[in-house]
Structure formats: C-alpha cells, structure tokens
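First the structure, in the form of structure tokens, and then the observations on it.
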There are 4 protein chains.
Amino acid sequence: MAERGRRGRPRSAEADAAIVAAATELLLRHGYGGLSMEEVAERAAVAKTTLYRRWPTKDHLAVAVVARLQEDDEITDTGDIRKDLTDYMEKVAGGLNRMRAAGRRPGEDSTSAGTVAELVAASGRHDDIAELRGRLYARRNALARELIERARRRGDLRADLDSEVLLDQLAGALYYRVLITGTPVDRAYAERLVAAALDGAL
Amino acid sequence: MAERGRRGRPRSAEADAAIVAAATELLLRHGYGGLSMEEVAERAAVAKTTLYRRWPTKDHLAVAVVARLQEDDEITDTGDIRKDLTDYMEKVAGGLNRMRAAGRRPGEDSTSAGTVAELVAASGRHDDIAELRGRLYARRNALARELIERARRRGDLRADLDSEVLLDQLAGALYYRVLITGTPVDRAYAERLVAAALDGAL
Amino acid sequence: MAERGRRGRPRSAEADAAIVAAATELLLRHGYGGLSMEEVAERAAVAKTTLYRRWPTKDHLAVAVVARLQEDDEITDTGDIRKDLTDYMEKVAGGLNRMRAAGRRPGEDSTSAGTVAELVAASGRHDDIAELRGRLYARRNALARELIERARRRGDLRADLDSEVLLDQLAGALYYRVLITGTPVDRAYAERLVAAALDGAL
Amino acid sequence: MAERGRRGRPRSAEADAAIVAAATELLLRHGYGGLSMEEVAERAAVAKTTLYRRWPTKDHLAVAVVARLQEDDEITDTGDIRKDLTDYMEKVAGGLNRMRAAGRRPGEDSTSAGTVAELVAASGRHDDIAELRGRLYARRNALARELIERARRRGDLRADLDSEVLLDQLAGALYYRVLITGTPVDRAYAERLVAAALDGAL
DNA sequence: CAGTAAACGAGACGGTACGTCTTGTCTTCGG
DNA sequence: CCGAAGACAAGACGTACCGTCTCGTTTACTG
C-alpha cells in the first residue's frame with residue numbers, strides 16, 4: 001500500500017512553532033484580550049493568512065495554545081488511592097494556577113482566572129471548540145475513573161460508589177474556587193478536599 | 001454642611017427600566033456577543049450616553065443584568081439537612097440552566113454555558129466586577145454555611161466537618177458540569193451529589 | 001418654517017479638509033494604487049470610520065478628490081469662436097496633463113495617464129459614480145455647446161452644424177491622445193485641432 | 001550552428017487554450033474585477049504556476065485576452081474615402097461596444113466601459129504593456145493614415161490636411177463617448193462623425 | 001534506455017489593503 | 001444637569017487577491 005504522496009507545498013513547521021510560541025507568550029503575558037492575531041502574525045514573522053489557514057479564528061488559536069500548555073497531567077497509580085487522587089488534584093490545580101497568572105502584572109494577586117473563563121466562553125461561540133473540549137475532558141475523566149475503579153475493585157472504596165459524582169466533586173471544587181470564588185488552591189487544599197470526599201460528611 | 005440638594009434634571013427611571021429590559025432580552029436571546037451597547041441603546045430608545053452614565057462598561061451592564069436575574073436563591077432550613085442541601089443545589093442548578101439557554105436557538109442542546117463564562121471573564125477584566133462577584137458569593141456561601149453549621153450543632157453532621165470544602169464540592173460539581181464538561185444538571189443529579197458528599201467514598 | 005436644528009454632533013470640517021488633503025497628496029504622488037485608505041487615515045490623523053462615513057469606498061474618495069481638482073475649467077466667450085475653443089481645449093488638456101503626472105517619478109515621461117483611466121474604471125465598478133460622472137460631463141458639455149450655439153447664431157459657424165459631434169471631436173481627440181496613444185497635448189496641438197475641426201478635411 | 005533543440009517538457013498547448021478561454025469568459029462575464037488568477041486557474045484546471053509562467057501578471061493576461069478579441073479591424077480601400085472611413089469607424093466602435101458589455105448583467109445598459117478603462121489603467125502600471133499598446137495603436141493608425149494619404153493624393157481631400165489630427169478626431173470621438181460620456185456609438189453616429197470631420201464647421 | 005531539464009498540479013506562503021465592527025468618548029442641540 | 005443624536009478615535013477582525021515558493025510528478029529530448 002504505497003504511501004500516497006502529499007500534494008502541494010507542505011505546511012511549514014517553523015511557522016507552526018513560531019506562531020504557537022508568539023501566541024503563548026502574548027496569552028500568558030497580556031491575557032486573552034492582549035492576544036491579537038495581528039500581533040501574533042507580526043511577532044511570528046508570518047502572514048495573517050498563515051494563521052488563518054491553521055486556525056479559523058482567534059478563539060481556535062487561543063484554545064489550541066492552552067490545550068498544548070495543559071497537555072499532560074499524567075495520572076499515576078501507586079495503590080494508595082488517597083495519595084493518587086491528591087496528586088492528581090494538585091496537578092490539575094497547577095494547570096489552573098498557571099492560567100491564573102496570565103495577563104496579570106507580577107505581584108498582583110489574581111483573584112480569578114479570567115483567561116480560563118475566556119476559553120470556556122470561546123466554547124460557547126464555536127461548536128467545534130465545544131466539541132473538542134468535550135472530547136478532551138471525556139478522555140481526561142476516563143483515565144481518572146479507571147483509577148477509581150481499580151481502587152474499588154481492590155476494596156479500597158465503597159462498592160456502591162458513584163465515581164462520576166466523585167470526580168465532579170473533586171475537579172469541580174478546584175474549578176469553582178479558581179473561576180468563581182477566587183479562593184486559592186494548593187497542595188494543602190487538595191488534601192482537605194480528598195479527605196472530605198473520601199470520608200463523607202456524616 | 002447642609003444637604004446639597006441635587007441639581008439639574010434627575011435621571012429617568014423609564015430609561016433605567018427600558019435599558020435593563022432591552023439588555024436582558026438581547027443577552028438571553030443572542031448571548032454575550034449579541035449584546036451590543038449600540039443595539040441596547042436603540043431598542044431602549046435611549047442614547048448611548050445614557051447607558052454609559054449608568055454603567056461604565058458593557059461588562060458592567062451585563063453583570064448587572066445577570067445579577068438581577070439570579071437575585072434570590074433563598075435557602076430554607078427544614079431541619080432535614082439532606083433535603084435542604086438538595087433543594088439548594090437544585091435552585092443553583094436552575095439559575096445556571098437558565099443562563100445555559102442564552103444565545104441558543106431553541107431545540108439546540110447547549111452543551112456548555114458560554115454566557116456564564118463570559119461573565120466570569122468579565123471579572124478578569126475589571127477589578128470592581130471581580131470584587132462585586134466576590135462579595136456576592138461570600139454572602140451566598142455564608143448563608144449556606146450557616147445551614148450546615150446548624151446541622152452540625154444538632155449532631156446531624158460530623159463534628160470535625162470541613163464546611164468550606166463541603167460547599168466547594170457541592171456547588172463546584174454543578175459549575176463544573178455546566179461550564180466545563182457540559183453534562184446535564186437536574187434534580188436527580190442534585191440528589192446523587194448530596195448523597196455522595198454526605199456519605200463519603202470509603 | 002423654522003430651520004429644523006440638526007441633531008447630533010456635526011461632521012468635523014477639519015477632518016474633511018485633512019482627509020482630502022492627504023488623499024490628494026497621495027493620489028498625485030503615488031497614483032491610484034498608492035492611495036490607501038489606511039494611509040490616508042493615518043496622515044489625516046483620523047479614524048478609518050471617519051473616512052468611510054463620508055465616502056463608502058476608496059473609489060468614491062478618489063473620484064471626489066479628482067473632481068475637486070478639476071472643478072472649474074471656466075469657458076470664456078470673446079466672440080472669436082476659434083480662440084475661445086482653443087482656450088477651452090487648452091484648459092481641458094491642462095487638467096488631463098496634471099493627472100498624467102500622477103504617480104510618476106519626476107523626469108519620467110508618462111506616456112499615458114493611468115490614474116485617469118483608474119478613475120474611469122471606478123465608474124464601471126459603482127453605478128453611483130458613473131451617474132455622478134455623467135452629470136458632471138453633461139453640465140460641462142452644456143456650457144461648451146452654448147458657446148458654439150452663440151457662434152452659430154452670429155453666423156460664425158455653419159447653420160447646419162452638429163454641435164454634439166463637434167464637441168466629441170474636440171474633447172475626444174484630447175482624451176484619446178492622453179489615454180490611448182500617449183501622445184502629447186499642448187497649446188500647439190489645441191490650435192491644430194480646432195483648425196482642423198473648423199475647416200474640415202475636404 | 002545546429003538548431004539547439006529545446007530541453008525539457010514543452011509547454012502545453014491545451015493549457016494555453018484553456019487559460020485564454022477561461023480568462024475570456026470571466027472577463028466578459030464579470031469584468032476586470034471578476035477576473036481572478038485563482039479562478040482562471042481553477043476553471044482551466046491548471047496550476048497558478050502555469051499561468052504565471054506565461055503571463056507575468058494578471059494585467060498582462062487581461063491585455064492579451066482583449067488583444068485577441070480585437071485582433072483584426074481590417075481597413076478596406078474602395079476609393080470612396082467617406083465610406084471607407086465610416087466603415088472603419090464602425091469597426092472600431094464595434095470592438096468598443098463589445099467590451100462595453102463586459103461584466104454587465106444582460107439588459108443593463110452599460111453607460112460606460114469600465115473594462116476598457118481597466119486595461120488602459122493596466123498600461124499605467126506596467127511599462128511593457130504601455131509599450132505594447134503603443135505599438136499596437138501605431139500600427140493601426142499607420143494603416144488608417146495610408147488610407148487618408150491615398151485619398152489626398154487622389155485629390156479627394158485637402159492638400160494641406162493634418163491627417164494625424166483627423167484620426168485623433170475620429171477615433172477620439174468614439175473613445176470619448178464610450179469611456180467618458182457614456183453615450184451610444186453606432187453606424188448612424190459614425191456617419192455623422194465622418195461627415196462633420198470632412199466638411200468642417202465653418 | 002537512462003538521465004536530465006523543464007513543465008506541471010497542488011497548495012502553502014508573505015504581503016497588503018479592504019471594508020466592517022464595536023467600544024467608549026466627545027460635541028452639539030434641546031428640555 | 002439630563003437626554004437624544006450621532007460623529008469620532010482606536011484598533012482588531014476576517015477576507016480577498018496577488019505573485020512567489022516549494023513540493024512531488026510527468027513529459028519530452030539527449031547522450
């Protein structure tokens with residue numbers, strides 16, 4: 001089965017890299033509002049057409065940049081479910097906190113993470129972005145649920161556990177604090193969170 | 001220092017009402033992007049000056065509109081903490097679901113709530129909005145925490161309960177589903193959620 | 001009948017002047033291709049919106065500029081029809097020659113008048129410009145025809161003269177040389193032209 | 001010195017034909033602005049490279065297309081100078097009128113001939129086109145002048161006739177009407193024109 | 001018949017201007 | 001002083017085309 005030779009000039013990998021680099025820089029430094037296609041093109045020494053050939057919209061570019069930034073929060077399974085969940089929560093929190101700093105003058109305590117919200121908002125403006133985000137979180141959550149399932153099968157968690165809700169509670173608490181209440185999220189919080197979820201309130 | 005009676009023509013209450021009405025209509029119908037100051041002014045038969053005299057920014061107007069829409073999620077205390085929390089969760093979910101529909105053509109299943117995210121994003125753009133939102137959620141959460149505290153004092157919840165985390169878990173799960181994963185949130189889910197939080201995973 | 005006071009802020013006369021000045025400069029210096037809305041706006045220290053509020057298109061602006069430049073080729077009637085026609089031809093030729101220089105580096109012998117052609121082309125792209133140009137030339141020719149008619153009534157021209165054709169021959173020859181063949185047009189040529197037209201070829 | 005046989009693959013005659021056909025179609029149907037290299041390439045099922053290998057510029061292609069369209073306005077010499085000139089004028093007018101229709105929706109009375117002007121404008125943008133056009137009109141006019149000279153030698157025209165001006169008057173009038181005033185040009189007009197030029201105005 | 005030179009299809013690329021849009025301010029007149 | 005009307009500055013957006021380039025492929029002539 002002969003490899004069907006590609007037609008036409010191939011896309012430039014340099015351009016790709018330069019664009020993403022410039023966009024990342026702008027996004028982290030000046031936030032979503034400070035990310036302009038015009039300036040990305042200029043900084044990447046690339047024509048605007050080259051941007052739009054790859055990403056049909058500023059929103060798409062921004063989402064791609066952030067997706068790359070948060071690419072891999074790997075999940076490790078040590079057999080200690082309490083520790084594994086706490087580690088995972090810390091990784092997720094880390095990703096969020098990195099975005100939290102975006103567009104803030106250093107020292108300024110960013111009470112919320114406008115940039116994260118802007119990206120969620122982008123989902124609302126483009127169905128394809130929404131879909132992409134959906135698949136992304138589905139995959140991510142699937143991995144975490146496997147971790148939980150293994151622990152349950154080992155007998156470390158209740159047999160009738162609602163793993164979907166458990167994940168919502170855990171990840172949700174982080175996003176809620178970062179996006180909505182603007183309260184801090186760190187290792188200590190991750191521990192309290194996992195403890196509360198595992199032990200219950202009764 | 002004598003009371004310095006207001007000079008000049010007083011602000012028109014009709015204008016206020018017309019503006020908020022028009023803005024609400026646009027926001028719910030066409031989403032945040034479809035809310036333009038120009039069009040609000042036209043529909044309210046009001047000059048743009050009049051808008052900006054009252055709200056310094058489109059973001060401020062939008063936030064004000066939404067704040068009005070979600071004004072009152074009252075908390076009731078029947079003594080049955082499981083039921084009370086479930087009711088409260090359902091109210092919060094209701095508010096979110098109402099925003100979820102914004103800007104969607106009827107029938108279209110809105111996987112996420114772009115408009116909610118836009119408003120969170122607005123917080124990231126204006127410190128005063130962030131502050132306002134902070135105070136709003138602080139008050140709201142304070143009420144919910146009182147409910148929990150009363151239950152604990154009655155002995156219905158663990159003595160060493162981390163009530164801050166409990167609320168994060170509950171509200172967070174809702175926001176997470178609405179904003180991030182785009183999964184549905186209804187009475188049934190509220191029940192599962194409260195059950196999981198109260199009973200724990202172990 | 002009371003003058004109905006204009007509503008809203010009136011258009012800025014300074015902006016008008018600055019725009020036309022900048023556009024004229026660019027058009028004459030760099031030709032039609034060198035006239036860019038972007039640069040006109042910058043040079044006039046004016047927003048692009050201000051340009052487009054006045055002229056819906058680059059073509060419209062360019063035409064307006066040129067119309068202003070050629071505004072008044074007055075016709076004088078001394079009673080000597082040969083002299084009057086020659087003078088008029090010279091004036092028309094002057095206007096054309098001024099456009100001929102547009103966009104040419106000094107010293108460069110412009111064989112044709114691209115800019116004039118660009119403006120005629122603009123008529124082909126916008127019906128309203130075509131109409132405007134039609135009215136302009138109608139008025140211009142009407143004045144010239146009056147001159148001719150007076151001469152005929154005096155008995156200085158044939159009684160059965162076709163004055164429409166006479167004008168076409170005269171003005172046409174000038175435009176033909178400037179636009180098509182690229183041959184020069186000056187006072188001497190104007191004299192030959194009028195002589196030939198009045199005396200006939202037989 | 002032996003004929004140094006061409007190296008490499010010869011140019012495709014099919015491509016040539018397809019390109020010119022597509023370009024002609026587009027130019028006549030949608031005018032100069034509607035003639036885009038991109039679309040010519042697509043319609044001719046040819047790569048853009050193939051276009052630019054033959055014509056360095058869109059302007060060059062357009063000019064070539066039109067040159068082909070107006071290739072031959074042959075001049076016939078019957079000995080009756082009035083008739084011969086009228087016939088020639090009619091042929092020239094025919095060519096212009098064909099261009100006049102370009103880019104017009106059928107039925108729409110094209111007051112002017114934007115496409116002709118666009119081509120003249122193209123001369124202003126490329127010296128080689130200007131030169132080409134110069135040579136073209138020189139040859140054309142030379143033939144017409146020979147016709148006139150023969151008539152003069154026969155004694156059918158004044159001995160001191162200015163044949164250059166005579167031609168400017170005749171052709172100029174046609175172009176002037178088509179390009180500038182937008183008035184119609186037909187056989188009847190050609191007759192009036194030749195009559196006026198031959199008989200004079202005095 | 002193998003080698004090579006050029007044409008060719010496909011499509012990415014840099015560049016540039018266009019015309020549109022929206023925000024928030026400013027200026028005028030009138031109540 | 002408020003309001004209505006609308007002009008204004010600023011600046012990004014996404015589109016369109018041009019003419020150039022870089023691939024891989026095809027078609028001739030040539031040694």
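Within every chain, numbering begins at 1; the chains are lettered A, B, ... in the order of the sequence lines, protein sequences first and strands thereafter. The shown structure was predicted, so the numbers you read here are calculated from the model rather than taken from an experiment.
Nearest-nucleotide assignment on DNA chain F puts the 5′-proximal partner with C:Gly8, out of C:Ala47 and C:Gly8. DNA chain E is contacted by both C:Gly33 and D:Ser12; D:Ser12 maps to the nucleotide lying nearer its 5′ end (nearest heavy atom per residue).
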Please test D:Arg133 against D:Val120 for side chain to side chain contact (heavy atoms under 4.5 Å, CB included), starting from the C-alpha separation and ending with a verdict.
CA-CA 9 Å; D:Arg133 199 208 45 201; D:Val120 176; 4.2 Å; yes
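B:Leu51 comes within 4.0 angstrom of no nucleic acid atom, judged by non-hydrogen atoms across all strands. Backbone-only contact: A:Lys58 has heavy atoms under 4.0 Å from sugar-phosphate atoms and none from a base.
Rounded to whole Å, the distance from CG on A:Leu35 to C1' on F:dA12 is 11 Å. Remark: P of E:dA17 and CZ of C:Arg125 are 16 Å apart, rounded to the nearest angstrom. In this structure, A:Lys48 atom NZ and F:dC13 atom C1' are separated by 7 Å, rounded to whole Å. Between the P atom of F:dC13 and the CH2 atom of A:Trp55 lies a distance of 14 Å, rounded to the nearest Å. The NE2 atom of D:His30 sits 16 Å away from the C1' atom of F:dC17 (whole-angstrom rounding). Atom CD in D:Glu14 sits about 15 Å away from atom C1' in E:dG9, given to the nearest Å. One interatomic measurement links the two molecules: CG of C:Leu61 to P of E:dA17, which rounds to 15 Å at whole-angstrom precision. As a whole-Å value, the separation of B:His126 NE2 from E:dT23 P is 11 Å.
In this view, B:Arg43 and B:Glu25, B:Glu39 satisfy the salt bridge (charged side-chain N to carboxylate O under 4.0 Å, His left out) rule, not counting sequence neighbours. Scanning for side-chain hydrogen bond (donor to acceptor under 3.5 Å, both in side chains) contacts around C:Arg54 gives C:Asp16, with sequence neighbours left out. Partners of D:Val20 under the side chain to side chain contact (heavy atoms under 4.5 Å, CB included) rule, at least two apart in sequence or in another chain, are D:Thr24, D:Trp55, D:Arg68. The side chain to side chain contact (heavy atoms under 4.5 Å, CB included) check on B:Asp128 picks up B:His60, B:His126, with sequence neighbours excluded. Residues passing the side chain to side chain contact (heavy atoms under 4.5 Å, CB included) test with C:Arg9: none are found, sequence neighbours excluded.
For B:Thr49 against F:dA5, a side-chain-to-base donor-acceptor contact under 3.5 Å is present. In terms of polar N and O atoms assigned as donor or acceptor, the side chain of C:Thr50 never comes within less than 3.5 Å of the base of F:dA9 in a complementary pairing.
OP1 or OP2 of F:dG19 sits under 4.0 Å from a side-chain N or O of D:Thr57. Under 4.0 angstrom from either OP1 or OP2 of F:dC29 there lies no side-chain N or O belonging to D:Arg9. Here A:Arg7 does not reach the OP1 or OP2 of E:dC8: none of its side-chain N or O atoms lies under 4.0 Å away. Residue D:Arg11 places at least one side-chain N or O under 4.0 Å from the OP1 or OP2 atom of E:dA7. An OP1 or OP2 oxygen of F:dC2 is reached within less than 4.0 angstrom by no side-chain nitrogen or oxygen of B:Arg54.
A salt bridge links A:Glu118 with B:Arg125; the closest basic N to acidic carboxylate O contact falls under 4.0 Å.
Put simply, the residue from D:Leu61, D:Val66, D:Leu69, D:Val40 that forms a side chain to side chain contact (heavy atoms under 4.5 Å, CB included) with D:Leu27 is D:Val66.
Within residues 36-46 of chain B, the residues having any heavy atom closer than 4.0 Å to DNA chain E are, in order of number, B:Ser36, B:Met37, B:Glu38.
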